[in-house]
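Here's the structure, in structure tokens; my notes come after.
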Amino acid sequence: TALNNKLTHNKLEHIIIVDNIINLKKRQTLMTPRHRLIILLIFVAIFVLITPALMMYLMGYRYNLPKRKIEQVGVLIADTLPKDTILRLNNAQLAKTRPARLASLKPNYYLLLAEHEGYYGWQKNIEIKSRETTIFYDIALFKQSSPTILQSDNIEIFDLSPKEDYVAYFKENNLWINNLETGTSAPFYQSAFRMPPERKIKWSPDNKLILLEEKKDGAERAVIIDSTKKENLINLGSFIGPRLTNLAWSDNSDRLYGTFDNKLYAVNIKSRSFEKLAQDVDSFAVIGSTVFLTKKTSKETIVYKYQLLNIFSDSLSKLASLPPAHYQILTQKNNFLALSNTEENLIYLADLSDSTQPLLRLNGKSAVWGNGPKNNYLYYYDDSELSIFDPNTKQTSLLLRYSNNIRRVLPMPQIPYFIIQTDKNIQIGELDDRDQRQIITAFEGKEIFLTALDKKGKTVYFTDKLRKGNSLFKLDIQ
């Protein structure tokens, strides 16, 4: 019986295996060549449709729903100062990495915002274009701060020392020196004039000496005050016969240059001696280690460069010829010398690298060069207009027109921004005119008289009129 059961079981297994083989063959016969072709075509269609779309996506193409068309994306790169400034694009906050980079923006207009607690905000409507990179490398924010009074009442003039650790100012007929680190002030010199005369003060480049010029009713006086020792006082009139005016320091502080009776003199501070350098001088300026001067005739005004220690040739080197007039030598940089004819509201630029180039004529009264590769422009202005000159392209651009009188322009160092002092306020503006040029009012006063900016562009010094006269302030802007 057991043997029979075993044989029966083996037969059943054999029958099941044979039945499975038969069923498998039946199913295989159901996959006809036509079925196989259809499946192949489906996979080919999927490949043909998806692969180009995937390639276009990888190449930056997107469907722009507002424009209802397919376009390549654009890129936005933005950097800020301070670095922890918050950036928002259409109110969506961007990552804190700086510079920020968004590589898949659909071409359109966006609102770019920059904000930081305690600072004035910044915003622009920007356009992202297909296949282009839009760059905002210099988004600078400025502090919302109130000015600090350094000295109150009756401040006539002031000058910031080259190292920016002291400020010298005149108050109530006395010259005071304020230590900006300690906040203390001390008188260093009392003027011999009973009534306030016309005064000029200027620190020497070595940060030690202060030149004081006073003039009233034909009486003139020039003294040098040592800021390290009160008793070290040099009266230039004690060893100089001519009463020199328009005095200017040499770049190493060992000499002074000045004019008397249309003659240019050099004064040696250490040896207490002086010598005549040139005659028939109409105006002059010391810029760095170079002395520039003009001589006026009935037909023209000639611009010269004075060659110091020139033994083998003429000490005067002719640079340019101008229409006959009195000129003030303003500034020199990038091989351009700027001179102003204030009577005609004109500024002339002489290309010192090529004397054959014609003079460039600009409308303005004063000019100043910016500092750093991002602000290497000549800012020139009169009472109502501010413009810039690009020395690389030799092109000019009008920045602003003002209803208030422009008193002074101070380019910001290293960034494309500038400060404007008017009669009643101090404003900060940017060169970037995309969308609109950002202008903020950092301070609004009553009668702002003088302004100065430190070398890092972080603090503005100025005088403003209070109840008892002008007071000296400092305003932190960065």
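To the nearest 0.5 Å, the span separating CD on Q414 from CG on N376 amounts to 10.5 Å.
Checked options F284, Y348, F292; the residue passing with Y327 is Y348 (criterion: ring pair (Phe, Tyr, Trp, His ring centres under 6.0 Å)).
When ring centroids are compared, Y402 and Y381 stay outside the 6.0 Å threshold. In this structure, the ring of Y461 has its center no less than 6.0 angstrom from the ring center of F158.
Under the ring-ring contact (aromatic ring centres under 6.0 Å, His included) criterion, F443 pairs with F462, not counting sequence neighbours. For E172, the side-chain contact (heavy atoms from CB on, under 4.5 Å) criterion is met by N154, not counting sequence neighbours.
In E117, the CD atom is not crowded: 12 or fewer heavy atoms of neighbouring residues, nucleotides or ligands sit closer than 6.0 Å. Residue-environment remark: NZ (K83) exceeds the threshold of 12 foreign heavy atoms within 6.0 Å. Under a cut-off of 6.0 angstrom, the local environment of NZ in K202 is sparse, with at most 12 non-hydrogen atoms contributed by other residues, nucleotides or ligands. Atom OH of Y109 sits in a sparse spot, with 12 or fewer heavy atoms from other residues, nucleotides or ligands closer than 6.0 Å.
R199 and S191 share a donor-acceptor pair across their side chains, judged by distance under 3.5 Å alone.
Among residues at least two apart or in separate chains, salt bridge (charged side-chain N to carboxylate O under 4.0 Å, His left out) pairs with a member in residues 438-452 are E447-K465.
Between W249 and L209 the shortest side-chain heavy-atom distance falls below 4.5 Å.
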